[in-house]
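Worksheet: one structure, shown below.
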2 protein chains.
Amino acid sequence: MPRAIFPAPDHDHERCTSTAIAHAEARCAARAQRLTPLRRQVLETLLASHNPLGAYEIIERMADKNGRPAPITVYRALDFLRDNGLVHRIESRNAFVACVHNHSGDDLVVFLICERCGAVGEGPGGAVAEALKASARAAGFSPKSPLIEIVGICSHCRQR
Amino acid sequence: MPRAIFPAPDHDHERCTSTAIAHAEARCAARAQRLTPLRRQVLETLLASHNPLGAYEIIERMADKNGRPAPITVYRALDFLRDNGLVHRIESRNAFVACVHNHSGDDLVVFLICERCGAVGEGPGGAVAEALKASARAAGFSPKSPLIEIVGICSHCRQR
DNA sequence: CGCTTCTTGCTGCAGTGCAACATGAAACTG
DNA sequence: CAGTTTCATGTTGCACTGCAGCAAGAAGCG
């Protein structure tokens, strides 16, 4: 069965997190990039939420007895994670979310943002991508990375 | 001939501006909304640029001997203009651009953003919109307003 | 070991966006 | 037309976002 776009509220989060971390390790290793403790911690924070978090929200959640990381530190980690396709930025919210798919670099991703619970699902955009790129080229435009965000109500919230 | 998606650098800007203002007046009148001098001034500032402007950039350009408007003032005018479909917000840039089309409320608009000159073209998204909404619904998601921004190189920049 | 490169920490700042409250202007109403 | 309501603008203040520029440490390499 395909992965549900919106994880059920009662899904096995333990497992879903460790899978994502393992994938991150693998990808970094493959690219000779270093998934340092700090970067891993940022990623784990995002994974623990499944919802997009603002940078300062991440800082908040990372705070512990050793104090809290400086904003720039978190932004740098986020840059790294984004460069390696492990984290997405939700532009319309100035927030970040851990990527739970395995898309390579420039794949088109459609974000479905639930305005009720704030959850973000990543839908595949294959078909749409082609239509989009075609119509962009028709306008004499050479497209690079399309960005699609859709606000609405997710299936779980709808059921209530 | 259909309106070019990217206005040519040498287009009749005088005329294109006055058309847009006239349209704004008509729309506000039709909706019993007030296009006050301040709101009109913000709209004119955006029209004068044809490129997206940040809020503080707008303030800068509106500054005159009477001083400059406070940020909140401009944001409120922008909210008004957006509510009435006269201005769009480019999420990926935290910037605003005057709308040069006549779409009604919830139409899907595709923004083509030139990374070289910063110009933003509004392409129609009809076909894409349907595909998008269909695939969102397939995920059990009830979509509202899709947002699409594509970065690339516009036709005028490409020719150089 | 010494060099280079990458990562992290620190200070500081510019831009973004709005809440809360006060004032002023316009429209409505009896 | 005075009184009320509604909307627009002004003012203060603040929280969040994002990064530049420099300094110090850690990791990899010949």
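Naming: A, B, ... by sequence-line order, numbering from 1 per chain. Only heavy atoms go into these numbers, but all of them, side chains included; no hydrogens, no water, no symmetry mates.
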Rounded to the Å, how far apart are [X] [atom1] and [N] [atom2]?
| X | N | atom1 | atom2 | result |
| --- | --- | --- | --- | --- |
| Q41(A) | dT7(C) | CD | C1' | 15 Å |
| D79(B) | dA8(D) | CG | P | 12 Å |
| R34(B) | dA25(C) | CZ | C1' | 7 Å |
| E91(B) | dG18(D) | CD | P | 12 Å |
| F80(B) | dC7(D) | CZ | P | 12 Å |
| F96(B) | dC18(C) | CZ | P | 8 Å |
| I58(B) | dG15(C) | CD1 | C1' | 13 Å |
| E57(B) | dG17(C) | CD | C1' | 17 Å |

Using the ring of each side chain (for Trp, its six-membered ring), is F6(A) parallel, tilted or perpendicular to F141(B), with breaks at 30° and 60°? parallel

Taking the nucleotide of DNA chain D with the closest heavy atom to each, which residue, A70(B) or Q33(B), is nearer the 5' end? Q33(B)

For the side chain of R76(A) and the base of dG9(C), is some donor closer than 3.5 Å to an acceptor across the two? yes

Look at the side-chain N and O atoms of [X] and state whether any lies under 4.0 Å from the OP1 or OP2 oxygen of [N].
| X | N | result |
| --- | --- | --- |
| T73(B) | dT9(D) | no |
| Y75(A) | dC19(D) | no |
| R39(B) | dA8(D) | yes |
| N94(B) | dG17(C) | yes |

With nearest nucleotide decided by heavy atoms, which residue, P69(A) or Y56(A), maps closer to the 5′ end of DNA chain C? P69(A)

For R93(B) and for L38(A), find the nucleotide of DNA chain C with the closest heavy atom, then tell me which residue's nucleotide is more 5'. L38(A)

Ignoring hydrogens and angles, tell me if any N or O in the side chain of H23(A) forms a donor-acceptor pair with the backbone of L86(A) under 3.5 Å. no

Within the side chain of N84(B), is there an N or O that forms a donor-acceptor pair under 3.5 Å with the backbone of A24(B)? no

What's R89(A) touching, base or sugar-phosphate or nothing? Going by heavy atoms closer than 4.0 Å. sugar-phosphate

Going through the checks in order, is the side-chain contact (heavy atoms from CB on, under 4.5 Å) test met by L132(B) and I148(B)? CA-CA 10 Å; L132(B) 258 184; I148(B) 306 186; 3.5 Å; yes

Of all the choices, dA20(D), dT8(C), dA19(C), which nucleotide is nearest to the side chain of I72(A) once you look at every atom? dA20(D)

Is there a chain of hydrophobic side chains (I, L, V, M, F, W, Y, each step under 4.5 Å between heavy atoms) that links L53(B) to V120(B)? no

